[in-house]
Asker: 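If you scroll down you'll find the structure; I have some questions about it.
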Amino acid sequence: MSPSKDQLPILTALQSIVDSIQTNPVTILDAPPGTGKTTALPQELLKAGVSFGKKICILEPRRIAAKNAAKRISQTLSEEVGKTVGYRVRFDSKISKDTKIEFVTDGILTKILLTDPELKEYGLVIFDEFHERRMDSDLCFALARRSQEVFRNDLKLLIMSATLEGQNFESIGIQSKPIRVNANTYPLEIFHMGESSKNTNQRLLDLVPKAVEQTEGDILVFLSGKKEIYDLKNGLESIPEVQSNAVVLGLYGDMDLKDQEQIFLPGPNGKKKIILSTNIAESSVTIPGVRVVFDTGYHKHVLFDSDSGISHLIKDRISLSSAKQRAGRAAREGKGFVYRLWSKEEENSFLDRTKPEILEGDIDRLVLELKSWGEEIDQLPFLDPPNKGSVIKSINRLQLLACLDKNQNLTDLGKECLRYPLPIRLGKILSILPKEKESYIADIVSLVGKESSGTEAKTFPEEMQSKDFSYDLRAVYDQILRIYREKSDFSSISGKDRLYYLISGFPDRIAKNKGSNGKDFKLSNGKLGILNTTSIQIPEYILVFDTVSFGQDLFITRFLPISENQIEKTLPNLIQTKVVSEKRTTQRGETFLVVKEDRLLGELVLDSKETSHPNPTHLTLALEEYISKSSLEEEWKKDSEFSKFYNRVRFLERHGVLDVKTDPNDLKQNSKEWLFPFVNFDSGKISLDKLPYLEAFKAYVGYDKLNLIDSFAPVSIQVPSGSLIPLHYDGAEPELHVKLQELFGLKSLPKLANGKVSILVHLLSPARRPVQITKDLESFWNQGYHEVKKELKGRYPKHPWPDKPWEAIPTKQLNHNKRS
């Protein structure tokens, strides 16, 4: 029997939804949990004929949600799952020729779209829980939109979510307005339990048993990860009140589906259920009977560093949207209570929404899949396109793995990698693994990402047996083995050990001990990591598989010791020799350039060797590298003659007298053209104290310009006293520093730069301290001088202080009549 409109609010909007689907390519439905959008709406849409005789495909992001939804609809139809309503998830499928409504996960729908871009079997594709914004779901939506544009203008898409705030559908041309449905809600009381405490586990051990005794219904506790679930489960099960009245169940993504399904069943012997869950229960899974929610306010998610190609598992605050979703779990069947383990004030630091995975996840597989589809990533209508810089780095990484060629085209090896539902690195290893090395597959499958329990480093197991796998990982192993046995052999490389293939899949994850404290390692991608181990024997080189990030620190959690010889044998084409320079000062204080040859793997120096008798080519490369890393202005300060000449030339350039580039960055970039011809590279060594900057720069400016420079920017100027006083060009304006008695009778100084620029005169006291700065001497004699005279005459009585300085005789001597 179909539910009534009073029972399920979604049915009140059924006609509007049907009309929109028939009219628009994309329909948007905003409906909170409990409205019936997942379990009631699909069969009503099937009856309404909006799929035009074809199947309805419903994307559910999580396997347990897909299976549970198919079961619940089948129950209302009094049918077995797999008849009218079926599902396809990884490792499990129940469909038949009669199936009209098919629930699939995003990985399955991606595979369908890549093999059949036209989606020939489907008339309507529904994207449920769209707000989760998983990367595969975003990819499926973009591909389905492209399918509408290119192949199927009759294909209809329906977006469903409990919260769609902040989604910019207009940006990709979706004009239909969201259809909003309100839920029949029960009262919900939310309590903020005070500022977050580091000892969350202890707080919950105090609070949850009280809730068992004092509240009705089952209890749902949101924790950040699997380790936290096990820690709390062990603690709760040791408390007598919990043992007597409740059963404690875990719920997380990679647990066996059979165990996950236990949470939907009533507790044994009427006991309450205490469900300890990650954010899997936030929106994808509706758990009956829950009336109390405890929320720690944290979740763990993978943050991908596109620079290094490493994914970090990090613990982070949830968003306000997630907090709202979690709270809603408590009021589905009656009045609910929510206990938030943070203060109201702390919510000011929460993000409004969780970031889409495509903006901070590993997009390597996405890039390859779109190459397989036949389009570039920037050509598809993504709601939030990935960062362009991240795409470029992904392409570089895929070229390093030989999945893309130098023209960014998909290689045969890249196609083979896509056959394995694994990270591309592991697909690469399996693709080049010869058939006789099938025994290595268990090791490779064991590298499928697992949650780290902390920062302690663990060595990759010497040998993993498939019998040691969990139920879920065993299913992965069986699936991979089937694909592997059907593989094309892309490797003529046989007789290699396991390390050869592992290194081939992680060529940018080689790390070398920095030697500072024995635990700091530098990776070939440039990142630094900490090997948190109590072992006395710490290897020089390791292959890094997994890391975890805590604050600014990156901890290496799974690794394998390797040798430099193994690196050289596996990656000879990636090792480069580079000539580098090093500044060295002798005991006499002389500075020379030392030439070294570094053998590099990425940014990792495998070894470095000093060249005792470098040839001219190596010296040239070394000086080029030294100058590229140096500050020329600092280098020039050591050569006062050059600095003075350079400042004069730059002054004339600024004022349009000379047409020559004097910017230090330009000179640095072009040093090979103007400086290097004057360096003697045949001597076998280069003295950094004697680089011919002045000679080379004069030639660069032009010897024919030297007289012009002397004329318009002279080194010095003769003042009325007869002294030759130097001019300073290192400031914004040319300056003359001179005792004022030496300028008596002078009304003005000549202008520089072909008459364009006045000299800034620093008038000095007899003790050579500045007393006035001016460009107008005549004005100074008439006005400022008398104030200076009044102040200084008594202090320097032996020096002349005439009443009429413009008529006085300039002098650098004392008053003649006062000489002793």
Asker: Might you work through the side chain to side chain contact (heavy atoms under 4.5 Å, CB included) test for K428 and L413, ending with a clear yes or no?
Answerer: CA-CA 7 Å; K428 158 74 180 284; L413 179 60; 3.7 Å; yes
Asker: Between L114 and T110, is a side chain to side chain contact (heavy atoms under 4.5 Å, CB included) present by the stated rule, with each step listed?
Answerer: CA-CA 6 Å; L114 291 175; T110 299; 4.0 Å; yes
Asker: Check the orientation of F506 and F545. Use parallel for under 30°, tilted for 30 to 60°, and perpendicular for over 60°.
Answerer: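 Judged by the thresholds at 30° and 60°, the geometry between F506 and F545 is perpendicular.
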Asker: What closest approach, in Å, do E121 and K54 show between heavy atoms, and which atom pair accounts for it?
Answerer: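 Distance-wise, the nearest heavy atoms are O-CB, 3.4 Å.
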Asker: Mind listing the closest non-hydrogen atom pair of S504 and L401 along with its distance?
Answerer: O-CD2, 3.9 Å
Asker: Using salt bridge (Lys or Arg N to Asp or Glu O under 4.0 Å), reason through D478 and R474 one step at a time and then give a plain yes or no.
Answerer: CA-CA 6 Å; D478 291 341; R474 174 71 203 210; 3.1 Å; yes
Asker: Flag the pair D305 and K527 as a salt bridge only when some basic side-chain nitrogen lies within less than 4.0 angstrom of an acidic carboxylate oxygen.
Answerer: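 A salt bridge is present here (some side-chain N lies under 4.0 Å from a carboxylate O).
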Asker: How would you list, by chain and number, every residue that makes a ring-ring contact (aromatic ring centres under 6.0 Å, His included) with F91, sequence neighbours excluded?
Answerer: none
Asker: Name the orientation class of the two ring planes belonging to H301 and H299 (parallel below 30°, tilted from 30 to 60°, perpendicular beyond 60°).
Answerer: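 Ring orientation of H301 relative to H299: parallel.
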Asker: Is there a side-chain contact between L59 and I126 in this structure, where contact means two heavy atoms from C-beta onward sitting under 4.5 Å apart?
Answerer: no
Asker: Side chains of E79 and S74: is there a donor and an acceptor less than 3.5 Å apart?
Answerer: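 There is no such pair (donor and acceptor under 3.5 Å, judged by atom type) between the side chains of E79 and S74.
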Asker: Is the shortest side-chain heavy-atom distance between C140 and L113 below 4.5 Å?
Answerer: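 They are in side-chain contact.
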Asker: After noting the C-alpha distance and the side-chain angles of S20 and T23, does the key distance pass the side-chain hydrogen bond (donor to acceptor under 3.5 Å, both in side chains) rule?
Answerer: CA-CA 5 Å; S20 178; T23 306; over 6 Å; no
Asker: Does the pair V26 and R145 meet the rule for a side chain to side chain contact (heavy atoms under 4.5 Å, CB included), with working shown?
Answerer: CA-CA 9 Å; V26 181; R145 287 277 290 154; 3.6 Å; yes
Asker: Walk me through it: do D443 and K437 pass the test salt bridge (Lys or Arg N to Asp or Glu O under 4.0 Å)?
Answerer: CA-CA 11 Å; D443 282 342; K437 300 293 184 181; over 6 Å; no
Asker: Tell me whether the rings of F151 and W373 are parallel (<30°), tilted (30 to 60°) or perpendicular (>60°).
Answerer: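 Perpendicular: the ring planes of F151 and W373 meet at over 60°.
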Asker: Are any of the side-chain heavy atoms of Y420 and L426 separated by less than 4.5 Å?
Answerer: no
Asker: Would you mind telling me which of S390, S394, S306 makes a side-chain hydrogen bond (donor to acceptor under 3.5 Å, both in side chains) with D364?
Answerer: S394
Asker: Is the distance between the ring centroids of Y298 and F222 under 6.0 Å?
Answerer: no
Asker: Could you check whether R133 pairs with D138 (Lys NZ or Arg NE/NH1/NH2 to Asp/Glu carboxylate O, under 4.0 Å)?
Answerer: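 Answer for the salt bridge query: yes.
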Asker: Do D30 and K177 sit within salt-bridge range, that is, some charged N less than 4.0 Å from a carboxylate O?
Answerer: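 Salt bridge absent between D30 and K177.
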Asker: Would you call D92 and K67 a salt bridge, using N to O less than 4.0 angstrom?
Answerer: yes
Asker: Using the ring-ring contact (aromatic ring centres under 6.0 Å, His included) criterion, which residues pair with Y122? Sequence neighbours excluded.
Answerer: none
Asker: Between E80 and K94, is the salt bridge (Lys or Arg N to Asp or Glu O under 4.0 Å) condition met? List the steps.
Answerer: CA-CA 10 Å; E80 291 292 322; K94 285 195 177 180; over 6 Å; no
Asker: Show your reasoning for whether side chain to side chain contact (heavy atoms under 4.5 Å, CB included) applies to I108 and K111.
Answerer: CA-CA 5 Å; I108 298 294; K111 188 175 180 180; 5.7 Å; no
Asker: Salt bridge (Lys or Arg N to Asp or Glu O under 4.0 Å) between R134 and D106: does it pass, once the steps are laid out?
Answerer: CA-CA 9 Å; R134 287 158 58 110; D106 40 24; 3.0 Å; yes
Asker: Which heavy atom of A31 sits nearest a heavy atom of I10, and at what distance?
Answerer: CB-CD1, 4.1 Å
Asker: Which atom names give the shortest non-hydrogen contact between I358 and I363, and what distance separates them?
Answerer: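 It is O-CG2, 4.0 Å.
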